[in-house]
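Heads up: the structure comes next, in structure tokens.
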Amino acid sequence: MKKVVLEQLRETFYEERLPNGLRIRVIPRPDFAKTYSFFATDFGSIDTKFTMDGKVYETPAGVAHYLEHKLFDMPEGNVMQMFSALGGSPNAFTGYSMTAYHVESTEHWRENLELLLRYVSTPYFTEESVEKERGIIAQEIRMYEDSSGSRMYENLFAALYQHHPIRVPIAGTVESIQDITAQTLYDCHKAFYDPSNMMLCVAGPVDPVLVVESARNILPKTPGGVGGRDYGPAEPLTAEKMARVEQNMEVSMPGFTVAFRCDTPKTGADILRQELVGDLAAELLVGESTAFYTKLYEDGLIDCDFSAGYEGVKTLGMLSIGGDSNEPERVVDAVLQEAERLGREGADEALFQRLKRSAFGRRIRELDSFENICYRMCQSTFEGAFYYDFPDLYRSITLDETVRMIRDTVVPQRAALSLIYPNAKG
């Protein structure tokens, strides 16, 4: 097992790659009472079309989320009760590109870890249990459909991209999940829940040697195959004009999100760098420290929920800006004008350095959160990057590079606008 000491971050972790391909990282925290175990697979809602053993599979939208639900069933019963007996608090989530299972405990950490490894690696589905879950997931989908925040982003992605599977909600649709069978779940588990496509992170008062020993004992000894993904043809960066979609819902005031397609990163390191530059670009353009933000706020165009940032999924990246506003299109026009001005005139170096120090500080504070650091480790590893490179990357990011992203990205030809308006009264 390799010990990694990061002097500048005062961080130490242990890592090992098992013969079956599983990547393990352990962050010992001997002074903490809580242990957090995070077991993730590089498989999310966008992975609906893949090739395995020479066969092409096209699975229904929502299959990754459905599989997450059904893995909690074991031949001997539901694992929630088993964790309860061990004092463990388990949960799971499905994202666009990753599915993760985790358990938090203050006692029996190893038993909780081994149960986590065992149930995630043990597919057990029957047609009866899959059918029973269908109504539960359909109800969850309808709940998302009634959420203005969920609808805002789902409409946005459908407008921003032409054919990429990110256009479809993570949980799928009520119609798409009707076609998910037990065999569908077995196929996806075989294709993407191989240890070579997964990562285990454990943080807390644990012995790294015992973590590795548990993984060796429970998981398969050798790697199997991993499905070859197909996301379709490359998405165009630009269009003739800004895409736009609007919907009326039961909301008290209009809400909006505008997103701008970013350049496609070529390597994992580029993906991480673009995320850091993108967040800085959002802060430099419309962050709370800018005079532009203050003017929007004082003019009553935005409120304290207004936000901006970078979002990335695999090689897709976007700058997004949004919130509530009685005049959302006026805000979007003002953002485009401010981006054009920054691209033409540049920005204050002192302000940029303050923003960079603030962003760096937030990343440092995240290292105190077991949940955040385990998630970041897995996300960056699946993208081919090393998350702890962020201090050196921040140091190398320049004002010119950040302004260039704003100038090239925040233009109508790269944009899509999603609007939610209140239902008409009376």
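By convention here, the first residue in the shown sequence is residue 1. Hydrogens, waters and symmetry mates play no part in the numbers below; they use all other heavy atoms, side chains included. Bear in mind the structure is a predicted one, so any value in this text is a computation, not a measurement.
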Taking Arg404 first and then Glu401, would you say they form a salt bridge - that is, a charged N and a carboxylate O separated by under 4.0 Å? no
Does the ring center of Phe192 lie less than 6.0 Å from the ring center of Phe43? yes
For this output row, return yes or no: ring centroids of Phe39 and Tyr101 closer than 6.0 angstrom. no
Assess whether a salt bridge exists between Lys70 and Glu127, defined as any Lys/Arg side-chain N lying under 4.0 Å from an Asp/Glu carboxylate O. no
Test your reading of the model: is there a side-chain donor-acceptor pair from Ser214 to the backbone of Leu210, 3.5 Å cut-off? yes
Can you measure from CZ (Arg273) to CD1 (Ile397) and round to the nearest 0.5 angstrom? 5.0 Å
Quick one: closest heavy-atom pair of Pro236 and Arg261, and the distance? O-CD, 3.4 Å
Do any N or O atoms from the side chain of Arg216 and from the backbone of Leu18 form a donor-acceptor pair under 3.5 angstrom? no
Got a second to check how far Met249's CE is from Asn423's CG, nearest 0.5 Å? 8.5 Å
In terms of the angle between their ring planes, are His189 and Tyr193 parallel, tilted or perpendicular, with boundaries placed at 30° and 60°? parallel
Considering non-hydrogen atoms only, spot the tightest contact between Ala159 and Val245 and give its length. CB-CG1, 4.2 Å
Can you measure from CZ (Arg341) to CG (Leu336) and round to the nearest 0.5 angstrom? 14.0 Å
Test: Arg363 and Asp279 ion pair at under 4.0 Å: yes
Could you state the interatomic distance from OG (Ser105) to CZ (Phe83), rounded to the nearest 0.5 Å? 9.0 Å
Value for CG (Asp194) from CG (Leu22), rounded to nearest 0.5 Å, stands at 9.5 Å
